[in-house]
A.B. asks: 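One structure is given below, represented as structure tokens, and several questions about it will come after.
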Amino acid sequence: MQLSEQEIQRREALQKLRDLGVEPYPAEGYEVTHYAEDILKNFETKPGDYEQVSLAGRIMSKRIMGKAGFTDLKDHTGRIQLYFNRDEICPDEDKTLYNEVYKKLTDIGDFIGVEGSVFVTRMGEISIAVKRFVFLSKSLRPLPVVKTDADGNIHDAFTDPEQRYRQRYVDLVVNSGVKETFLKRSRIINSMRNYFNAFQYVEVETPILQPIPGGAAARPFITHHNALDIPLYLRIANELYLKRLIVGGFDGVYEFAKDFRNEGMDRTHNPEFTVMEIYVAYKDYIWMMAFTEKMLEQVVKDVNNGDTVVQVGDKSIDFKAPFKRISMLDAIKEHTGHDITGMDEVELRNLCRTLGVETDETMGKAKLIDEIFGEKCEKNYIQPTFITDYPKEMSPLCKRHRSNPDLTERFELMINGKEVANAYTELNDPIDQRERFEEQLKLSEKGDDEAMFIDHDFLRALEYGMPPTSGMGIGIDRLTMLLTNKSSIQEVLFFPQMRPEKVATGPKPADFIALGIAEEWVTHVMKIYPSVEELQALKPTQVHQKLNGYRKKNKLEIAALQLADVESWWS
RNA sequence: GACUCGAUAGCUCAGCUGGUAGAGCAUAACACUUUUAAUGUUAGGGUCCUGGGUUCGAGCCCCAGUCGAGUCACCA
């Protein structure tokens, strides 16, 4: 491994610490009595509470000035300044702890624990006068140093998205605000969970590995189970399992589920993503609309200091319930001026041409309508809006509309021009469901690789009887993007999927050690012979002389090689 | 999948018709007892993403590739 200058220096510092009897990676825990945020917030009103404090965290910056030095410590609540005074740290003659250990052997990134008292510097900054400090963990790699000046300008920000996503741990340490996004994500999920639990609905877990990837139209990931010797799919949805639970007698079930879809990746798509799905018995989609808008209003209030208005880019979005409701056909009428009620496929195709919406031969009636909606209407719904009553062919798991057999009882919730939630009055007629699956099978035979499989066990469950049920799914990643004002899904996933990093293909010391070369020799051997192959292409005598010559020339403090040793590298 | 842009020191970035690489921060050394992006002086640090090509000479020009970002398409 090729170490940079700074990495070598830190390894040397590590050794010096040990030489001085300081353990850089102690085994025991460290007792923390206070946190940075608490001290900064409350010291001035109750200074008496902070005469003796103990904190632990990471060193973020260091400013030494002779016999005193300032260090910024970051714990999980924030940053606070530490004041190290030489004679305070080292009251006796021996000043090593200050001059060596503190001044030279602590680095940005190290974890330390400090004890001391809180005071205010002449510059007016609340700080900790350190009396004792210990190493908790030495950092061997330099962190990027991001500085903020008095006006709040950020200098030398760590901005390269590739590095930020691949090394999220670094991003979290040095970039303020990143952690807040993820804390908010957690609060969004907690708020939703609390809302459901208040209704006594039950949080459940259903299989991620599924023999039939059902519940949505998407290409799945496939894997193989060795003992059963069958293919298994990573779920693309959990809908069919949650409905089985409704069949089994649950009144309401929900799951925060990771789903997996083997499709393209971009700003709004990650191969694995989180969806919350909820199913409630004896309800329909009308009820579900009211349930959903109240839930979202509550979630937004919970994460937004009680406010229902969220700033997203240059738009203000108000989550105050009730949301606007409009049927898909009315939406199209509103934004295109055309009433498509009762139009057949030919008429729709002509309309698409008139409107400049691209079509192709394989598109059926439903797909054409969807295309018009997606092209002409979707982007207009900035404020939360329920789009209702979708064409039947688009929704094979959704119940036929009570007053129009060509439509289904479905809604999607559009916010900021994008779909955030999707819900149905669930289809519970097993005969109808079987027919819909069979239509999907025909699509599949035509080559649609996203058409749904027939799940016979699910049909069997429906045949035992499922109560009228409404279900709703909401994309947690996309909701989080909205509420944190992020335009990329990668900003709301800790570890977004990335292409694997290229591994250095160069030779590894281990390859040479495997030949029997002594460890002390390996780095030198590698300097002369970059690969095992190049070394072994030569004669042992030649290598033997060359290496011993190298040893002499560079005055290496290691024993000369014997020819027999060198010869053994070829065996 | 198509197009556009990017990859140079640990980090952020500069670089010239094509003539062996620069700055700030970080690092090391010295000075300095309350600093605020601390400061001052000095020093070290680079396979200029990879591989080919053109050229006397390539970080720069050409070709191919890798990775990333953006736009579009596809997908929900």
Side-chain angles (χ1 to χ4, degrees), chain A residues 2-10 12-13 60-72 79 81-89 98 103-104 107-109 119-129 139-167 170-171 174-175 215-219 236-237 259 261-271 273 275 358 360 370-371 374 378 394-395 412 418-422 448-450 473 475 477-478 487-488 490 496 498-506 530:
Chain A
Q2 206 62 42
L3 295 178
S4 71
E5 185 192 25
Q6 293 190 43
E7 289 172 301
I8 292 165
Q9 281 161 357
R10 289 192 178 209
E12 286 168 1
M60 297 305 287
S61 115
K62 217 167 92 170
R63 300 176 291 282
I64 304 279
M65 15 203 344
K67 293 169 193 155
F70 293 91
T71 291
D72 288 349
R79 271 169 92 138
Q81 177 169 273
L82 309 177
Y83 171 64
F84 287 78
N85 178 293
R86 188 186 67 184
D87 299 321
E88 199 57 45
I89 307 285
Y98 180 81
K103 267 173 76 170
K104 298 191 178 169
D107 285 298
I108 291 174
F119 75 111
V120 179
T121 65
R122 274 183 218 157
M123 297 301 293
E125 175 147 353
I126 296 170
S127 306
I128 294 163
S139 163
L140 295 182
R141 241 175 226 273
L143 282 172
V145 177
V146 179
K147 294 192 173 183
T148 308
D149 67 21
D151 301 327
N153 299 314
I154 294 171
H155 300 266
D156 300 323
F158 179 63
T159 51
D160 178 11
E162 172 163 12
Q163 292 201 67
R164 287 187 49 229
Y165 302 150
R166 286 195 196 280
Q167 302 186 53
V170 174
D171 191 33
V174 305
N175 286 335
R219 262 171 294 171
I236 55 175
D259 286 347
R261 296 187 185 176
N262 204 343
E263 293 166 352
M265 289 162 55
D266 61 28
R267 210 171 69 257
T268 54
H269 295 81
N270 195 63
F273 57 101
V275 173
E358 281 182 42
D360 65 56
D370 189 39
E371 206 66 22
E378 201 170 89
M394 288 168 62
S395 318
E412 287 196 356
K418 296 184 194 79
E419 177 204 337
V420 170
N422 181 20
D448 183 346
D449 57 359
E450 290 184 343
D477 308 296
R478 295 197 184 168
S487 56
S488 153
Q490 293 158 312
M498 306 279 279
R499 270 209 170 71
E501 276 182 272
K502 237 193 317 187
V503 243
T505 48

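Note on naming: letters A, B, ... go to the chains in the order of the sequence lines (proteins, then strands), and numbering restarts at 1 for each one.
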A.B. asks: Compare the minimum distances between each of B:U35, B:U33, B:G45 and the side chain of A:Asp87, then state the nucleotide with the smallest one.
C.D. replies: B:U33
A.B. asks: Using Watson-Crick or G-U wobble geometry with both distances under 3.5 Å, which nucleotide pairs with B:A23?
C.D. replies: B:U12
A.B. asks: Between B:C25, B:A29, B:G10, which nucleotide has the shortest distance from any of its atoms to the side chain of A:Asp156?
C.D. replies: B:C25
A.B. asks: Considering every strand shown, what is the Watson-Crick or G-U wobble mate of B:U47 when both distances are under 3.5 Å?
C.D. replies: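 Pairing partner, where one exists within any strand: none, as none qualifies.
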A.B. asks: To the nearest Å, give me how far apart CD (A:Glu7) and P (B:A9) are.
C.D. replies: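 Atom CD in A:Glu7 sits about 14 Å away from atom P in B:A9.
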A.B. asks: Take nucleotides 69-76 of chain B nucleotide by nucleotide from the 5' end and write B, S or -, depending on whether a protein heavy atom sits under 4.0 Å from the base, only from the sugar-phosphate, or from neither.
C.D. replies: S-S-BBBB
A.B. asks: Minimum heavy-atom separation for A:Asp259 and A:Ala237, please, with both atom names.
C.D. replies: OD2-CA, 3.5 Å
A.B. asks: Which nucleotide, if any, forms a Watson-Crick or G-U wobble pair with B:G6, using both distances under 3.5 Å?
C.D. replies: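 Pairing partner, where one exists within any strand: B:C67.
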A.B. asks: Can you find an N or O donor on one side and an acceptor on the other, under 3.5 Å apart, linking the side chain of A:Thr121 with the base of B:U35?
C.D. replies: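 In this structure, the two groups form a donor-acceptor pair.
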A.B. asks: As a test of reading the structure: which of B:C11, B:A37, B:U36 is closest to the side chain of A:Lys147, going by heavy atoms?
C.D. replies: B:A37
A.B. asks: Compare the minimum distances between each of B:U35, B:C32, B:U12 and the side chain of A:Asp160, then state the nucleotide with the smallest one.
C.D. replies: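 Among B:U35, B:C32, B:U12, the one nearest the side chain of A:Asp160 is B:U12.
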A.B. asks: Consider the side chain of A:Val145, meaning its heavy atoms from C-beta on, and name the nucleotide among B:A26, B:U33, B:U35 that approaches it most closely.
C.D. replies: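 For A:Val145, the side-chain atoms sit closest to B:A26.
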A.B. asks: What's the CD-C1' distance between A:Gln81 and B:U35, to the nearest Å?
C.D. replies: 7 Å
A.B. asks: Nearest whole Å is fine: how far is B:A38 C1' from A:Arg122 CZ?
C.D. replies: 15 Å
A.B. asks: Would you indicate, yes or no, if B:C67 has its OP1 or OP2 atom less than 4.0 angstrom from a side-chain nitrogen or oxygen of A:Arg499?
C.D. replies: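 True: A:Arg499 side-chain N/O within range (under 4.0 Å) of B:C67 OP1/OP2.
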A.B. asks: Can you list everything that forms a ring pair (Phe, Tyr, Trp, His ring centres under 6.0 Å) with A:Phe70? Sequence neighbours excluded, please.
C.D. replies: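 So A:Phe70 forms a ring pair (Phe, Tyr, Trp, His ring centres under 6.0 Å) with A:Tyr83.
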A.B. asks: So if I take every side-chain heavy atom of A:Gln163 and compare against B:A26, B:C11, B:U34, which nucleotide ends up nearest?
C.D. replies: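 Of B:A26, B:C11, B:U34, B:C11 is nearest to the side chain of A:Gln163.
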A.B. asks: Please evaluate the base of B:U35 for a donor-acceptor partner in the side chain of A:Arg63 within a cut-off of under 3.5 Å?
C.D. replies: yes
A.B. asks: As a test of reading the structure: which of B:U36, B:G10, B:C32 is closest to the side chain of A:Pro142, going by heavy atoms?
C.D. replies: B:G10
A.B. asks: Starting at CD1 of A:Ile108 and ending at C1' of B:C11, how long is that distance when rounded to a whole Å?
C.D. replies: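 So the CD1-C1' distance, A:Ile108 to B:C11, works out to 11 Å.
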A.B. asks: Could you tell me which nucleotide pairs with B:U17 by Watson-Crick or G-U wobble geometry, both distances under 3.5 Å, or answer none if nothing does?
C.D. replies: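 Paired with B:U17, as far as the under-3.5 Å criterion goes, is no nucleotide at all.
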A.B. asks: Does A:Arg166 put a side-chain nitrogen or oxygen below 4.0 Å from OP1 or OP2 of B:G68?
C.D. replies: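 So the side chain of A:Arg166 is within the cut-off, an N or O lying under 4.0 Å from OP1 or OP2 of B:G68.
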A.B. asks: Under a 3.5 Å cut-off for both distances, is B:G1 Watson-Crick or wobble paired, and to whom?
C.D. replies: B:C72
A.B. asks: Counting only Watson-Crick pairs (N1-N3 plus N6-O4 or O6-N4) and G-U wobbles (N1-O2, O6-N3), all under 3.5 Å, who is the partner of B:U41?
C.D. replies: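 For B:U41, the partner nucleotide comes out as B:A29, under the 3.5 Å rule.
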A.B. asks: Among B:G44, B:U33, B:C13, find the nucleotide with the atom closest to the side chain of A:Lys67.
C.D. replies: B:U33
